[in-house]
Amino acid sequence: MGAQAGAASRVLARAVPFPYAFELARTALVIIDMQRDFIEPGGFGASLGNDVTRLQAIVPTVAAVLEAWRGAGGFVVHTREAHRPDLSDCPPAKRLRGNPALRIGDVGTMGRLLIAGEPGTEIVAALAPRPGELVIDKPGKGAFHATPLQAELERRGIARLVFMGVTTEVCVQTTMREANDRGYDGLLVEDGTESYFPAFKAATLAMISAQGAIVGWTARSDELIAKLAR
Ligand code: C5J
């Protein structure tokens, strides 16, 4: 695992904290929660008082990596934070915390917040999933909790995960940590993730790669796209 390069490996030499090698056939691109509820006005993110324009700004970068990954023939996973309409998979602790303008399940301008099948849980149009790509609806922050993600990855022989999406310190970081504990080598695309809080993004990138990649690696999108084009 780690940065050992095999015959079919591509190597991101500028990855932090040291080069990251991956074999495309055994690596999935995992795009976390690029759904309208976090990125557009009127959704869950905005109901918590956040400025969603920060997250909108990464859509072109995420789209460029996605296009390159698809062009190279790589496997793609999209996640959505989405609960059942009866909220049976939403613990009261999650729904009742804080004092938002609207809570999970309440009706906003894009339907019921964070409820599967509502307009707000749709992935933004520029990143819409295509046939053959895996879409995981997740009730938690992490994409492994209470979902079939691990089984789907094992079925395909996936050993490494390249992450993008939102928000950096919540669903992206939680999923990377879940993946790390399950033995996956994960890399986060630095400019393909964003937070409502710039300091939280910076801290998360630093803590992922600290202590010799204790959670995983980070790298810039341009280097990844160049390696996919070869
Ligand atoms: C949050 C997420 N922030 N996708 N969800 O509640 O990070």
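All figures in this text were calculated on a predicted structure; none of them were measured in a lab. First listed ligand is number 1; within each ligand, the first listed atom is number 1.
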For [atom], what's the nearest protein heavy atom and its distance?
| atom | result |
| --- | --- |
| atom 3 (N) of ligand 1 | Thr167 OG1, 3.4 Å |
| atom 1 (C) of ligand 1 | Phe38 CE2, 3.6 Å |
| atom 2 (C) of ligand 1 | Cys171 SG, 2.7 Å |

Within ligand 1, which atoms have a heavy atom of [X] less than 4.0 Å away?
| X | result |
| --- | --- |
| Val170 | 1 (C), 3 (N), 7 (O) |
| Lys141 | 1 (C), 6 (O) |
| Asp33 | 2 (C), 4 (N) |

Inset, instruction - Applying ring pair (Phe, Tyr, Trp, His ring centres under 6.0 Å), run through Trp217 and Phe18 and close with a yes or a no. - result: CA-CA 8 Å; Trp217 286 255; Phe18 52 84; 5.4 Å; yes

Legend entry - Worked verdict on Glu152 versus Arg155 for salt bridge (Lys or Arg N to Asp or Glu O under 4.0 Å): CA-CA 5 Å; Glu152 294 285 351; Arg155 201 160 68 76; 2.9 Å; yes

Inset, instruction - Could you tell me whether some N/O pair between Val166 and ligand 1 is separated by less than 3.5 angstrom? - result: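 Yes.
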
Inset, instruction - State plainly whether the residues Glu169 and Lys201 are in salt-bridge range, i.e. N to O under 4.0 Å. - result: no

Legend entry - Sequence-distant partners of Asp106, side chain to side chain donor-acceptor pair (under 3.5 Å), two or more places apart: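 Scan of Asp106 (side chain to side chain donor-acceptor pair (under 3.5 Å), adjacent residues dropped) gives Arg95.
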
Legend entry - Candidates Lys138, Lys141, Arg80 - the one meeting salt bridge (charged side-chain N to carboxylate O under 4.0 Å, His left out) with Asp33: Lys138

Inset, instruction - Taking all heavy atoms of Ser221 and all of Asp191, pick out the closest pair and write down the distance. - result: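 Closest pair (atom of Ser221, atom of Asp191, distance): OG-OD2, 2.7 Å.
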
